[in-house]
Each structure stands twice: as C-alpha cells, then as structure tokens.
Amino acid sequence: MQIDPAAARSMQSAVRRSPWLLLLSTLLELTEGKGELVRHAERSWASATFSGTRHNVVLSFTGVDAVSAGEALIDALPDHEFAIPRQLVADANVIAVEHTALPQPHLQLEIELLLLEDC
C-alpha cells in the first residue's frame, strides 16, 4: 500500500486526533518510495505524566534497490526528526527484521513508535 505524501498532508486537519496518517506518510517517504505498508496498529498509551499512542508498523521491501532503501531506513530511523503537529516521537525502534535472499532479496521490518501528545 502506498500513501501519497501530498494527499496525507492535505488530510492533516481531518486526522488531528490521531496522527497515524502523517506518521505512515513520513515513514514511507523515508523508504524512498520503495517500501510497502503491510500492517499498522495503534493503541493508546499513558504514563503518570504523559499520554499518547504506540504504533506498530510492518514494512516490506522486495528487490535489491528496495532492500537497500529498507536498510537505509534502519540506519536513519533512530535520528530522524519527525514533524507531526502536536506530537513528539519519543521512541522509534526497529523491533524485528526478516531478511531473505531467495527467490529474490526481501526485507521485512517491524517498527514500533511512541508518540506523545505535545500540548
């Protein structure tokens, strides 16, 4: 599944309560258009002082160029500055990697992100 980043930004006002669309759009931009969304799940999260959402995203990369883009995402994710209005990405981690070579190179990443509401 591909999400057009321009369309995602134009829909931003419609998803003010949940930043999932802009988050997914940003992740897919980081894949250089070579990653495909397999799954996204969101659940509420709260601590004594903060509230937000935890997102679990699975991305798939098929082919040599796509796998290279996925590996670049792994490198870039920890330091990437997300620009999501009223949200702070407090944590972004690759929690699972599945790499296969045959019949063609394939990489699947499971990413977990914690977004905190920024008042």
Check: Do you know which two heavy atoms are closest between Gly70 and Leu109, and how far apart they sit?
Finding: O-CD1, 3.8 Å
Notebook entry, point to check: So, His99 and His106: side-chain donor and acceptor under 3.5 Å apart, yes or no?
Noted result: no
Next item on the list: May I ask you to test the Asp118-Gln87 pair for a side-chain heavy-atom distance under 4.5 Å?
Entry: no
Next item on the list: Walk me through it: do Arg86 and Glu117 pass the test salt bridge (charged side-chain N to carboxylate O under 4.0 Å, His left out)?
Entry: CA-CA 6 Å; Arg86 293 175 305 285; Glu117 295 173 1; over 6 Å; no
Margin query: Applying a strict under-4.5 Å side-chain criterion to I, L, V, M, F, W and Y, I'd like to know whether Phe50 and Leu114 cluster together.
Written below: yes
Next item on the list: Flag yes if Leu30 and Leu107 sit in one hydrophobic cluster, no otherwise; membership is Ile, Leu, Val, Met, Phe, Trp, Tyr, and two members link when side-chain heavy atoms are under 4.5 Å apart.
Entry: yes
Notebook entry, point to check: Is the closest side-chain heavy-atom distance between Leu102 and Thr100 below 4.5 Å?
Noted result: no
Notebook entry, point to check: Is the backbone N or O of Leu21 less than 3.5 Å from a side-chain atom of Ser25, with the two atoms forming a donor-acceptor pair by type?
Noted result: no
Notebook entry, point to check: When rounded to the nearest 0.5 angstrom, what distance separates NE2 in His40 from CG in Leu113?
Noted result: 8.5 Å
Next item on the list: For Thr31 and Gly35, work out which heavy atoms get closest and say how close.
Entry: OG1-N, 3.2 Å
Check: For the residue pair Ala66 and Lys34, what are the closest heavy atoms and their distance?
Finding: CB-O, 3.6 Å
Check: Under a 4.5 Å cut-off applied to non-hydrogen side-chain atoms, are Trp45 and Thr53 in contact?
Finding: no
Margin query: Counting C-beta onward and ignoring hydrogens, is there a side-chain heavy-atom pair between Val94 and Glu110 closer than 4.5 Å?
Written below: no
Notebook entry, point to check: Side chains of Trp20 and Val57: closer than 4.5 Å at any heavy-atom pair?
Noted result: no
Note to self: Any heavy-atom pair between the side chains of Phe61 and Leu73 that's under 4.5 Å?
What the structure shows: yes
Check: Could you give the distance from CD (Glu81) to OG1 (Thr26), rounded to the nearest 0.5 Å?
Finding: 12.0 Å
Check: Is there a side chain to side chain contact (heavy atoms under 4.5 Å, CB included) between Glu42 and Leu23 once you walk through the steps?
Finding: CA-CA 11 Å; Glu42 174 183 353; Leu23 175 66; over 6 Å; no
Check: Do Leu59 and Phe82 share a hydrophobic cluster (ILVMFWY, side-chain heavy atoms under 4.5 Å, transitive)?
Finding: yes
Notebook entry, point to check: Are Leu88 and Leu24 in one and the same hydrophobic cluster, where Ile, Leu, Val, Met, Phe, Trp and Tyr link if side-chain heavy atoms are under 4.5 Å apart?
Noted result: no
Check: How about Glu36 and Leu28: do any of their side-chain heavy atoms sit closer than 4.5 Å?
Finding: no
Checklist line | Contact summary for Ile84 and Leu22, nearest pair of heavy atoms | finding: CA-CD2, 4.0 Å
Note to self: Can you see whether Gln108 engages Ser60 through a side-chain donor-acceptor pair at a distance of less than 3.5 angstrom?
What the structure shows: no
Check: Any side-chain heavy atom of Asp91 within less than 4.5 Å of one from Glu112?
Finding: no
